[in-house]
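Take a look at the structure set out below.
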Amino acid sequence: MTGFLEGDVVQLKSGGPKMTVDRVSDQAGQLQVKCSWFDGAIRMSDLFELHSLRNLENGVPTGITVSRMLDLDP
């Protein structure tokens with residue numbers, strides 16, 4: 001199991017644009033993820049190794065803390 005499915009939104013662990021997973025493939029025993037994203041109006045795509053990506057579809061990315069204050073007064 002790779003943790004990535006076609007259509008998932010991912011990002012490089014080092015940052016960068018949000019990308020969409022196009023496919024997960026086995027290249028000579030190494031799993032790679034083909035992703036696409038937009039740079040302005042230009043569609044870009046490339047292959048990435050699994051360990052370099054984090055899945056943004058499974059909730060909040062690791063290392064980010066989210067806090068929210070609720071105003072409960074009417």
Side-chain angles (χ1 to χ4, degrees):
M1 172 129 194
T2 66
F4 300 106
L5 299 172
E6 290 179 11
D8 280 354
V9 177
V10 298
Q11 184 178 43
L12 286 170
K13 288 181 179 177
S14 60
K18 292 180 182 178
M19 303 181 286
T20 303
V21 173
D22 293 326
R23 73 171 184 264
V24 179
S25 60
D26 186 339
Q27 299 293 322
Q30 172 117 6
L31 289 175
Q32 294 185 330
V33 182
K34 182 178 181 191
C35 299
S36 60
W37 68 97
F38 283 91
D39 183 3
I42 300 171
R43 184 178 185 267
M44 311 289 288
S45 66
D46 206 348
L47 289 173
F48 299 92
E49 294 181 10
L50 288 176
H51 66 83
S52 67
L53 298 171
R54 63 179 170 192
N55 193 334
L56 300 178
E57 292 287 304
N58 295 330
V60 178
T62 305
I64 299 215
T65 303
V66 175
S67 63
R68 179 173 42 174
M69 296 181 67
L70 298 175
D71 185 2
L72 300 177
D73 290 339

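The first residue of the sequence shown is numbered 1, and numbering continues consecutively from there.
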- [ ] Output, in order, the C-alpha distance, side-chain angles, deciding distance and verdict of side chain to side chain contact (heavy atoms under 4.5 Å, CB included) for L53 and V33.
- [x] CA-CA 9 Å; L53 298 171; V33 182; 3.8 Å; yes
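- To the nearest 0.5 Å, atom CD of residue Q11 and atom SG of residue C35 are 11.0 Å apart.
- Note: the hydrophobic cluster containing F38 does not contain L47 (ILVMFWY, side chain heavy atoms under 4.5 Å, direct or indirect links).
- Scanning both residues, N55 and V9, for their nearest heavy atoms gives OD1-O, 3.4 Å.
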Throw together a table of side-chain donor-acceptor distances under 3.5 angstrom for residues 12-20, partners on residues two or more places apart or in other chains.
from : atom 1 : to  : atom 2 : distance (Å)
K13  : NZ     : H51 : O      : 3.1

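- In the hydrophobic cluster analysis, where Ile, Leu, Val, Met, Phe, Trp and Tyr join through side-chain heavy atoms closer than 4.5 angstrom, L31 is grouped together with V21.
- Pairs passing the salt bridge (Lys or Arg N to Asp or Glu O under 4.0 Å) check and including a residue from residues 20-49, sequence neighbours excluded, read D22-R43.
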